[in-house]
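In this text, all values refer to a predicted model and were calculated from it rather than measured experimentally. The chains referred to below are lettered A, B, ... by the order of the sequence lines, with proteins before strands, and numbering in each begins at 1.
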Amino acid sequence: MADNNIRNAKLEEVEQGCVLYNLDPIIMKYHYEVDYIHSYAQDSPFFAGLAKGELKGSRCTKCGSTFATPRSHCMTCGAPTEWMDLPLTGKIHTYTTCYFGGQEFLDETPFTLILVEWPGVDTFFLSRLVGMAPEDVHIGMEVKARFRRLSQFKPTDVYFVKA
Amino acid sequence: MRPVYMVAGGITKFSKASPNKDFRYMVKESFDSAMTDVPDLTLERIDGSVVSYFSDHFTRQLMAGIMVQDYLGLTPKPSRRIESGGATGGMCFQNAWESIASGRMDVVVASGFETMSHVNTWKGNEFIALASDTNFDYPVGGFYTGYYAMMVKRHMYEFGTTVEQLAAVSVKNHKNAMHNPYAQFPAELTIQDVLNSEMVSDPLKRLDICVMSDGAATALLASEEMAYKLTDKPIRITGVGTGTDAMRMADRPSREVILLPHENPEDYKDLKYPGVHSFRGGRVAAKEAYKMAGIQNPLEELDFVELHDAFTSSEIQTYEDLGLCKYGDGGKFVESGAADLNGKVPVNPTGGLLACGHPVGATGLMQAVFAFWQLQGSIGKHFGGDDALQLKNPKRGLIHSHAGTGTYITVSVMERGF
């Protein structure tokens with residue numbers, strides 16, 4: 001059995017400090033970051049489609065409802081959906097230009113967000129519009145999809161420009 | 001269901017940052033302030049609590065709800081945490097209502113808080129945007145002001161709503177808060193000040209958007225028997241309603257307009273609904289609450305409304321969902337002065353989120369506390385003697401709490417019980 005060694009017992013001292021803003025009360029900064037292992041699961045074919053230059057939505061196998069952003073089950077009747085190809089040109093349903101944003105996207109400001117609509121498709125698709133001055137964008141404008149050459153497997157693998 | 005009453009409320013002053021008090025301390029402060037008004041209520045007579053906060057990211061403390069319960073001295077009684085995005089506070093209130101209505105409890109504490117000062121505003125916007133779909137929405141440029149900007153663009157296109165009408169909401173709510181000592185951002189503004197403020201997401205400008213806050217609020221709810229023992233001025237909760245919609249605003253197929261009792265199908269012959277211009281969940285919540293409270297025409301039967309104005313645009317959209325005016329007429333409604341402090345139905349008479357702040361988990365409870373004081377006629381007592389915001393003899397008020405792009409919405413109707 002090992003001997004106890006209380007006389008020399010100590011937590012190791014470390015040469016790491018913290019950023020301290022204030023003493024009363026004590027306000028300090030620490031860093032918080034994680035690597036997250038995410039699966040697109042049943043939505044994976046959508047992202048794989050973007051890498052092939054295809055834009056995929058969903059069509060209900062039972063009631064025929066159509067969805068511009070894919071979902072594996074119908075929100076109207078609950079039946080399974082099948083994949084459908086969306087046209088690569090559509091119209092702007094609404095838009096905005098963001099001059100501010102969350103930290104992750106601050107460097108990209110200003111950027112323009114649009115919802116794309118297609119005739120006969122029951123819902124819209126959120127994307128970025130590129131290459132247009134904010135004041136020249138308008139509801140009803142025809143837009144066409146472009147795809148990144150190097151896929152990131154994110155919804156921004158597709159974006160839109162004026163048709 | 002048993003009748004349910006609110007017997008007291010308390011709130012902290014909302015502020016940009018409150019480093020001297022952590023979330024437990026802030027809730028305790030709001031709790032003690034409520035308890036002061038019901039001296040016969042002891043900890044022993046409280047049956048349990050509901051504690052609400054929105055974001056684990058802001059708090060960076062899981063199970064913070066039980067830490068509040070513990071700090072308030074309520075362990076080992078029942079407690080649970082409620083979370084539903086921006087509507088967290090309103091949902092907490094309704095969950096506490098259910099505890100009493102079901103007969104499970106006779107006195108319940110509904111407390112909520114948020115501590116948003118722990119990250120800078122940019123990071124805060126990122127945290128909030130995590131309450132949008134993280135596969136399809138967030139990565140495109142996750143930013144809630146951007147989502148609301150797209151909604152109001154369409155509202156302007158469909159109905160002719162103007163930026164001046166949006167600005168009128170900001171002017172009204174900031175001005176009301178000048179007499180609210182709990183408000184974070186009271187201000188005397190002009191329409192031009194709002195229009196000249198920094199553009200954030202076209203057409204929403206800095207002064208069209210609420211601020212991030214630290215704060216807490218508490219509502220004490222009780223059964224009828226306990227309510228009249230504890231206070232001679234209880235306020236009865238006569239209607240609750242809750243609605244939902246698809247997480248993504250892009251995912252809402254057009255349906256028929258859901259009609260309120262005073263509306264006709266002909267009012268909306270050609271309206272694609274909800275589109276992205278209207279909150280179907282808000283309409284459903286209102287309809288359920290009106291039915292329970294026996295309200296036929298909200299404009300005629302409500303004395304005031306405290307609603308979720310995270311953006312000036314959402315206040316205008318919400319007038320319509322609540323049926324204070326027809327869909328499409330929200331801009332004209334605010335312009336007419338109907339929502340002013342001395343208007344037909346004062347909306348956000350205490351300043352709303354725009355001027356009071358929006359510490360998310362506390363916000364819906366803040367509305368309950370202000371509505372409670374209005375109905376009691378005790379605004380002056382609770383606002384340091386300033387009763388400028390006290391409405392004359394209000395009998396019935398409505399509170400409205402709202403999440404996401406209209407994903408969870410609660411509407412509760414409160415009436416004078418004395």
Original post:
Is the backbone N or O of B:A149 less than 3.5 Å from a side-chain atom of A:T96, with the two atoms forming a donor-acceptor pair by type?
Top reply: no
Original post:
Okay, side chain of A:Q103, backbone of B:W122: is any donor-acceptor separation there less than 3.5 Å?
Top reply: no
Under 4.5 Å from any heavy atom of chain B - which part of [X]:
X: A:F105; value: side chain
X: A:S127; value: backbone
X: A:L126; value: both

At their closest point, which heavy atom of [X] faces which heavy atom of [Y], and how far apart are they?
X: B:A250; Y: A:T123; value: O-CB, 3.1 Å
X: A:I139; Y: B:K153; value: CD1-O, 3.9 Å
X: A:F111; Y: B:V140; value: CE1-O, 4.5 Å
X: B:G141; Y: A:R128; value: CA-NH2, 4.0 Å

**OP:** Determine the option with the most heavy-atom pairs under 4.5 angstrom with chain A, choosing from B:A129, B:P203, B:P139.
**Re:** B:P139
Subject >> Top contributor to chain B contacts, counting heavy-atom pairs under 4.5 Å, from A:H93, A:E108, A:R71 >> reply: A:H93
Subject >> B:M151 side chain reached by A:T94 side chain, heavy atoms, under 4.5 Å >> reply: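 Contact flag for A:T94/B:M151 side chains = no.
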**OP:** Taking atom OH of B:Y408 as the centre, report whether more than 12 heavy atoms of other residues, nucleotides or ligands fall under 6.0 Å from it.
**Re:** no
